[in-house]
Amino acid sequence: MHDARVDVNIMELEVVKEDEVAVATSTSIPEDKVTMKKNINVLHGTCLVVSSVVGTGIFISPNAISRNVNSPAMSIMVWLLGGVVATIGGITYCELGTMFPSNGAEITYLRKAFGALLSFLSCFLTQFILSGVGMAVQFLTFSRYFWRIFYEDDSQNWFLDKGLCILVLAAIIMMIALKPDFTLKVVDVVTFVKLGALAIVIMMGIIHLARGRTENLEVGFDGTNWNAGKWSSAWTTVLWTYGGWNAVCIMLGEVKNPRDLTKIIVFSLTIITSFYMLAVISYHAVLPMNKMNSDKPLASEMAEEYMGQAGVVLFAAAVAISTLGGNVVALLGYSRYLQAAGAQEILPAAFGLVSKRFRTPIFSLIYLGTTTAIFISVGNVYSLISYASYTQFAFSSLCAVGVMVMRFTLPQHHRPFRVWLVFPLVTALFGVYMFVMPWFGDDVLLSGVWLGVTLLGGIPCYFLCVNKKYRLRILVSLSEKSVTFLSRALNSEVNLQ
């Protein structure tokens with residue numbers, strides 16, 4: 001006997017499907033909307049990652065690591081393990097990126113796995129505050145090497161040091177905003193300059209060892225410092241130096257084929273780890289521990305030791321050029337990060353504005369330029385490195401946990417790449433270690449400050465400014481008016497995702 005209830009259920013399902021199609025159609029992005037251009041291939045992506053990671057750290061951070069572990073062999077081991085951990089983290093992100101092939105990286109991953117609050121907190125701290133800090137570190141280091149081309153003393157007066165950084169910052173912002181395709185070509189060229197600079201360091205080490213001068217490496221593990229707090233500082237520094245491997249994930253919406261993410265991550269981190277290891281071995285081969293533990297820029301110190309003043313000038317020029325590549329990629333990535341946050345309504349919609357003519361995140365670039373200029377004006381290299389390296393590990397760890405969580409919450413979601421679950425587990429555990437250890441070292445005050453900023457500042461901001469149920473109407477109205485004004489002033493528009 002035919003059951004009339006079956007007909008009713010079928011009709012209801014058809015109505016629901018029609019409604020879903022209607023909703024999807026009404027909320028989809030019209031074809032005439034401005035979107036970011038897909039112009040990143042495997043070469044561009046690999047150069048983006050390499051140029052993002054090989055910025056300033058390998059030229060200044062070996063000092064801090066050497067001081068903390070206090071032996072050549074252990075210093076080299078820390079650098080090797082740092083590369084392994086970075087590669088494991090990068091491969092973990094490959095599953096997330098191929099699941100959600102759009103711009104934003106952690107913003108999207110945390111929102112999909114845990115909801116909007118954690119997504120906002122990661123953006124609130126690492127983008128509103130720490131993105132400008134990290135870029136300021138690189139600009140200030142660029143200044144140090146630049147002045148070494150002309151003067152023996154790399155420290156000039158305030159106006160020369162800061163003024164040069166801000167002038168170069170403005171030029172890079174304009175290039176990224178107005179010439180996006182040219183910017184990618186610049187990144188490719190600068191990447192080879194960076195690797196060329198490291199190749200010079202490596203060649204000096206090889207020639208030094210070929211002459212039988214192995215006394216600095218023969219120290220081995222003698223004098224190794226096993227203090228847990230010092231080790232935590234060393235790990236923080238080395239992972240900061242390897243940081244930036246997620247650059248292509250932040251811009252994944254502009255990659256021509258998102259499935260190339262795995263190739264890009266593996267190629268780039270293999271290149272980076274190999275060059276880093278050989279460079280650090282060369283540093284320790286040429287420079288004794290007392291010079292390795294000094295505050296002077298190691299690259300120039302090594303060139304002076306081996307080639308004299310002419311080597312200092314030539315090498316300082318190469319390093320100054322290479323450090324700029326890191327700034328270009330940082331501004332490229334962070335601006336896409338903020339644009340994605342605005343488009344997903346994690347940040348005010350103004351951040352999601354995309355230039356109609358140039359298809360670049362114009363307002364995000366203006367914001368980043370402003371915050372970076374402020375930190376350039378008030379900070380110094382080593383204190384800013386401390387500020388830039390703490391809580392980022394917590395959000396990377398949460399993304400790794402998200403891989404495991406979504407295996408259960410989104411089991412049917414298409415996964416072009418499935419990572420072995422040991423990888424996100426290792427990434428998560430190491431991130432927890434990095435988050436906890438500073439509380440037992442010299443950075444306990446800084447740890448408390450950043451945790452307080454995240455929780456006491458970020459959570460109220462989320463509910464007052466972002467959460468649709470609790471946000472203040474006056475802020476909603478102000479955001480809408482600002483978007484209207486800025487979209488006209490900057491000839492841009494927002495695509496809500």
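Excluded from the calculations below are hydrogen atoms, water molecules and symmetry mates; all remaining heavy atoms, backbone and side chain alike, are included.
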request  = Before giving the answer on side chain to side chain contact (heavy atoms under 4.5 Å, CB included), spell out for Arg111 and Ile346 the whole-Å C-alpha distance, their side-chain angles and the decisive distance to 0.1 Å.
outcome  = CA-CA 9 Å; Arg111 183 168 63 88; Ile346 297 297; 4.0 Å; yes

query = So Tyr242 and Val54, side chain to side chain contact (heavy atoms under 4.5 Å, CB included) or not? Walk me through it.
reply = CA-CA 8 Å; Tyr242 276 102; Val54 185; over 6 Å; no

message = Please determine whether side chain to side chain contact (heavy atoms under 4.5 Å, CB included) holds for the pair Phe423 and Cys94, giving the CA-CA distance in whole Å, both sets of side-chain angles, and the decisive distance to 0.1 Å.
response = CA-CA 11 Å; Phe423 280 32; Cys94 287; over 6 Å; no

query = Going through the distances and angles, do Thr98 and His414 end up as a side chain to side chain contact (heavy atoms under 4.5 Å, CB included)?
reply = CA-CA 9 Å; Thr98 52; His414 180 54; over 6 Å; no

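Closest non-hydrogen pair, Ser51 versus Val190, comes out as OG-CG1, 4.4 Å. Between Pro361 and Arg336, the shortest heavy-atom contact is CD-NH1, 3.7 Å. When all heavy atoms are compared, the tightest approach of Leu365 to Ser335 is CD2-CB, 3.6 Å. Between Ala317 and Ile149, the closest heavy-atom pair is CA-CD1, 3.6 Å. The two atoms that bring Thr108 and Ser102 nearest to each other are OG1-OG, 3.9 Å, heavy atoms only. Heavy-atom minimum distance, Ala341 versus Ile107: CB-CD1, 3.1 Å.
Counting heavy atoms from C-beta outward, Cys249 and Leu96 have side chains that stay 4.5 Å or more apart. Taking the side chain as every heavy atom from C-beta outward, Leu48 and Thr191 never approach each other to under 4.5 Å. No side-chain heavy atom of Tyr109 sits less than 4.5 Å from a side-chain heavy atom of Ser122. At a threshold of 4.5 Å between non-hydrogen side-chain atoms, the residues Ser377 and Ile166 count as touching. Considering only heavy atoms from C-beta on, Phe275 stays 4.5 Å or farther from Val50 through its side chain. Within the 4.5 Å cutoff, side-chain heavy atoms of Ile58 are placed close to those of Val280.
Thr224 and Ser71 share a side-chain donor-acceptor pair at under 3.5 Å. At a cut-off of 3.5 Å, with distance as the only test, no side-chain donor of Asn225 or Asn68 sits close to an acceptor on the other residue. Side chain to side chain, Asn103 and Glu254 meet the donor-acceptor criterion of an N or O pair below 3.5 Å.
Scanning for side chain to side chain donor-acceptor pair (under 3.5 Å) contacts around Arg418 gives an empty result, with sequence neighbours left out.
In this structure, Phe417 places its CZ atom where more than 12 heavy-atom neighbours from other residues, nucleotides or ligands lie under 6.0 Å away. Residue Lys38 qualifies as enclosed at atom NZ: its count of foreign heavy atoms under 6.0 Å is above 12. Summarising the local packing, CZ of Phe114 is surrounded by more than 12 heavy atoms from other residues, nucleotides or ligands at distances under 6.0 Å.
A donor-acceptor pair is defined here as one N or O able to donate and one able to accept, closer than 3.5 Å; no such pair exists between the side chain of Lys263 and the backbone of Val42. Under a 3.5 Å cut-off, the side chain of Tyr276 and the backbone N or O of Thr241 do form a donor-acceptor pair. In this structure a side-chain-to-backbone donor-acceptor pair under 3.5 Å is present from Ser268 to Ile265. With hydrogens and angles ignored, the 3.5 Å screen pairs no side-chain donor or acceptor of Thr273 with any backbone N or O of Thr270. Without hydrogens or angle criteria, Ser397 side chain to Ala428 main chain gives a donor-acceptor distance under 3.5 Å. Checked by atom type and distance alone, the side chain of Ser282 pairs as donor or acceptor with a backbone atom of Leu278 at under 3.5 Å. Between the Lys256 side chain and the Ile40 main chain, no donor and acceptor come within less than 3.5 Å of each other. In this structure, the side chain of Tyr334 does not engage the main chain of Ser364 through any donor-acceptor pair within 3.5 Å. Side-chain N or O atoms of Thr372 include none that pairs as donor or acceptor with a backbone N or O of Gly369 at under 3.5 Å.
At a threshold of 4.0 Å, the pair Glu95-Arg407 counts as salt-bridged, since one of the basic side-chain nitrogens sits closer than that to a carboxylate oxygen.
Between Ile65 atom CD1 and Met292 atom CE the span is 8.5 Å, to the nearest 0.5 Å. Between atom CG of residue Leu121 and atom CG of residue Leu117 there is a gap of 4.5 Å, rounded to the nearest 0.5 Å. Note that CH2 of Trp245 and CD1 of Ile272 are 11.0 Å apart. Values are rounded to the nearest 0.5 Å.
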Donor-acceptor contacts, no H, no angles, side chain residues 197-211, under 3.5 Å, sequence neighbours left out:
residue: His208; atom: NE2; partner: Ala285; partner atom: O; Å: 3.3

Just list the side-chain donor-acceptor pairs under 3.5 Å for residues 74-93, sequence neighbours left out, or say none.
residue: Ser75; atom: OG; partner: His284; partner atom: NE2; Å: 3.0
residue: Thr87; atom: OG1; partner: Gly83; partner atom: O; Å: 2.8
residue: Thr92; atom: OG1; partner: Ile88; partner atom: O; Å: 2.9
residue: Tyr93; atom: OH; partner: Glu106; partner atom: OE2; Å: 2.8

Identify each donor-acceptor pair in which a side-chain atom of residues 326-333 lies under 3.5 Å from a protein atom, sequence neighbours left out, and give them as a table.
residue: Asn327; atom: ND2; partner: Thr323; partner atom: O; Å: 3.0

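For residues 40-49, the side-chain hydrogen bond (donor to acceptor under 3.5 Å, both in side chains) pairs, not counting sequence neighbours, are His44-Asp188. Within the structure, salt bridge (charged side-chain N to carboxylate O under 4.0 Å, His left out) pairs that include any residue of residues 73-90 do not occur (at least two apart or interchain).
Aromatic pair His413/Phe100: centroids less than 6.0 angstrom apart.
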